[in-house]
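Notes follow once the structure below has been shown.
Throughout, numbering of the chain's residues begins at 1 and tracks the sequence.
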Amino acid sequence: MTDFLLNRQPVTLAKTDPDLTVLDYLREQAHLTGTKEGCASGDCGACTVVVGELTDQGMRYRSLNSCITFVHSLHGKQLLTVEHLEQAGALHPVQQALVEHHGSQCGFCTPGFVMSLFALYHSDVAPSREAVLTALSGNLCRCTGYRPIIDAGMALLEQRHGDAFSAQIADIEAELRSLETPVLPEETKTDHVVGFWQPRTRQDLAKARAQAPGARYSAGSTDLALEKTQRLANLNALIDLSQVAELNHISVDDKGLHIGAAVSYTDLEPALLTDYPEAREWLERLGSRPIRNRGTLGGNLGNASPIGDTPPLLIALGATATLSNGQTERTLPVSELITGYRQTVLADDEWIDTIHLPRRQPGSQLRAYKISKRFEDDISTVCVVFYLETDSKDTVTCLRAGFGGLAATPLVLADWQDQLIGQHWPTVAVDTISRTLADALAPIDDVRASARYRVQVTANLFRRFHLETTQPDTRTRVHTHGGLDHA
């Protein structure tokens, strides 16, 4: 049973396929066709909608890609589309701004832009061009050249005066609180079970796993849903981890940052950047804003994709992961979690519970580099993260590196790292170390890049890391209009 608000209209879905996407529900069942399908993979933004959710801080609106979000994940939330913004015959301020700034031509992408700007309008971000660019990072347009759309976004941030949704917020919150909490169905234990589970505690999660040992885990579904939309697979049994309280918690102590596996990248951002501000670009390039609103660390690790961007960072930081089955737990280095292409050490009854990052050490250096054809929301050709600790004499005491996009699994080159221990970092023989790094790599050839290219780029990124950490005044980035620095 899934209960949610479609704007202000209560909706109950009793018997619905577990893998029905929000986009297909909107177009085929709700007959709301303003939301478009452009790519069915979360890349273009034409399908962007906004979901409202109750939090400890009150109502929160966030954009997401409806093409790769399962409709069951809407339970207890409010779904808004472009059709819902007009109030009493008047355009919403977002729509009016796009009209006034001539932000639409063919119009196919416009509903997605409208919804991304609506989420921005309801955020507390300070007015800036960068804020607008971040909000629109998941939206592509072939017609306008973006300038008038960005102008509309800037005007909105300067003139936020509330809207009908702000005025009705108390009523909306009351309606959301009245929605029924889902109950775990009684199912016969079988590998072929069909159904959807949305447990709220570890205990209920273990119960769901026992009832449906063949079910797939889902949190943000930004990768899992592609099996449905791109490969046309049937995902008949899903266990949604997004509402498990213990998996949505972040805590910080003297030992480290402890991140529940279902915490979204957006919610992770403040805590991560407090200790590791150098990870900002890595996080922003991990995906568009709608992707980061849904995607999770646990999901990225559990998918064990060779192009996942989180393992290189976690490996370089020396992160560990706790695996649980509800009764017993075990903790191991993230570097040992992924064993092969789409394979992990997880037992059938286990899930990734918590990821642990150590606290920042004084004087340490971190750089995360991503090479891709598009700056944001794109697959890595190479993703490399370097972490360095030195003593008071600049002698290397620790160097860890994580390499992604190069092979079937993230790479850890322990022997290569170890050769740098004890060396004087400013005078390291960079040419020699770069050659030994290149020799240690055996990357893949694919449509994104040749093996030769990957070897050269990875070696060059080590050179860049050394340059940036020994000659910080040397410019290594291209500054673009609007305030964004590109690698």
TODO: Taking only Lys NZ, Arg NE, NH1 and NH2, and the carboxylate oxygens of Asp or Glu, determine whether R360 and E278 approach each other closer than 4.0 Å.
DONE: yes
Open item on the list: Donor-acceptor check, side chain of Q9 to backbone of L6, threshold 3.5 angstrom: yes or no?
Closed with: no
Open item on the list: Could you tell me if the side chain of W282 sits less than 4.5 Å from the side chain of L366, heavy atoms only?
Closed with: no
- [ ] Taking atom CG of D253 as the centre, report whether more than 12 heavy atoms of other residues, nucleotides or ligands fall under 6.0 Å from it.
- [x] yes
- [ ] Compare all side-chain heavy atoms of Q243 with those of H75 and state whether any distance is below 4.5 angstrom.
- [x] no
Task: Aromatic contact, F70 with F196 (centres under 6.0 Å) - done: no
Task: S116 side chain to F113 backbone, donor-acceptor under 3.5 Å - done: no
Open item on the list: Within the structure provided, determine whether R294 and N65 are in side-chain contact (heavy-atom separation under 4.5 Å).
Closed with: no
TODO: Verify, without hydrogens or angle tests, whether Y341 (side chain) and A304 (backbone) share a donor-acceptor contact under 3.5 angstrom.
DONE: no
TODO: Considering only NZ, NE, NH1 and NH2 on the basic side and carboxylate oxygens on the acidic side, decide whether D223 and R342 come within less than 4.0 Å.
DONE: yes
Open item on the list: Within the structure provided, determine whether L346 and I352 are in side-chain contact (heavy-atom separation under 4.5 Å).
Closed with: yes
Task: Heavy-atom closest pair, residues A215 and I239 - done: CB-CG1, 3.8 Å
TODO: Determine, step by step, whether N293 and S264 satisfy the side chain to side chain donor-acceptor pair (under 3.5 Å) criterion, reporting the C-alpha distance in whole Å, the side-chain angles of both residues, the deciding distance to 0.1 Å, and the verdict.
DONE: CA-CA 6 Å; N293 286 341; S264 71; 5.9 Å; no
- [ ] Examine distances only and state if a side-chain atom of D163 and a backbone atom of F165 form a donor-acceptor pair shorter than 3.5 Å.
- [x] yes
Task: Any L272 side-chain heavy atom under 4.5 Å of I259 side chain - done: no
Task: Presence of salt bridge, R62 and E53, under 4.0 angstrom - done: no
Task: Backbone of G220 reached by a side-chain donor or acceptor of T296 within 3.5 Å - done: no
TODO: Indicate yes or no for a side-chain donor-acceptor contact from N248 to the backbone of S242 under 3.5 Å, with no hydrogens or angles considered.
DONE: yes
Task: Heavy-atom neighbours of R202 CZ exceed 12 at 6.0 Å - done: yes
Task: Side chain proximity check, S218 to L224, heavy atoms < 4.5 angstrom - done: yes
Open item on the list: Taking the cut-offs as 6.0 angstrom to the six-membered ring centre and 45 degrees off its axis, would you call R448 and Y453 a cation-pi pair?
Closed with: no
Task: Nearest non-hydrogen partners of T229 and C67, listed with the distance - done: CG2-O, 3.4 Å
Task: Pair R27 + E37: basic N to acidic O under 4.0 Å - done: no
Open item on the list: Within the supplied structure, the quantity of interest is the number of heavy atoms (other residues, nucleotides, ligands) at a distance under 6.0 Å from R142 CZ; does it exceed 12?
Closed with: no
- [ ] Check whether any side-chain heavy atom of I315 lies under 4.5 Å from a side-chain heavy atom of R400, and answer yes or no.
- [x] no
Task: Verdict with supporting geometry, S372 and S380, side chain to side chain donor-acceptor pair (under 3.5 Å) - done: CA-CA 5 Å; S372 57; S380 291; 6.0 Å; no
TODO: Please test E83 against T81 for side chain to side chain donor-acceptor pair (under 3.5 Å), starting from the C-alpha separation and ending with a verdict.
DONE: CA-CA 5 Å; E83 288 94 342; T81 73; 2.6 Å; yes
Task: Aromatic ring proximity Y25/F4, centre distance under 6.0 Å - done: yes
Task: Stepwise salt bridge (charged side-chain N to carboxylate O under 4.0 Å, His left out) check, R60 with D267 - done: CA-CA 12 Å; R60 180 184 68 195; D267 291 331; 3.7 Å; yes
Task: V51 and V22, any side-chain heavy atoms less than 4.5 Å apart - done: no
TODO: Please check if the side chain of R209 supplies one atom and the backbone of A212 the other of a donor-acceptor pair under 3.5 Å.
DONE: yes
TODO: Please confirm whether the backbone N or O of C141 pairs with a side-chain atom of Y146, one donor and one acceptor, at under 3.5 Å?
DONE: yes
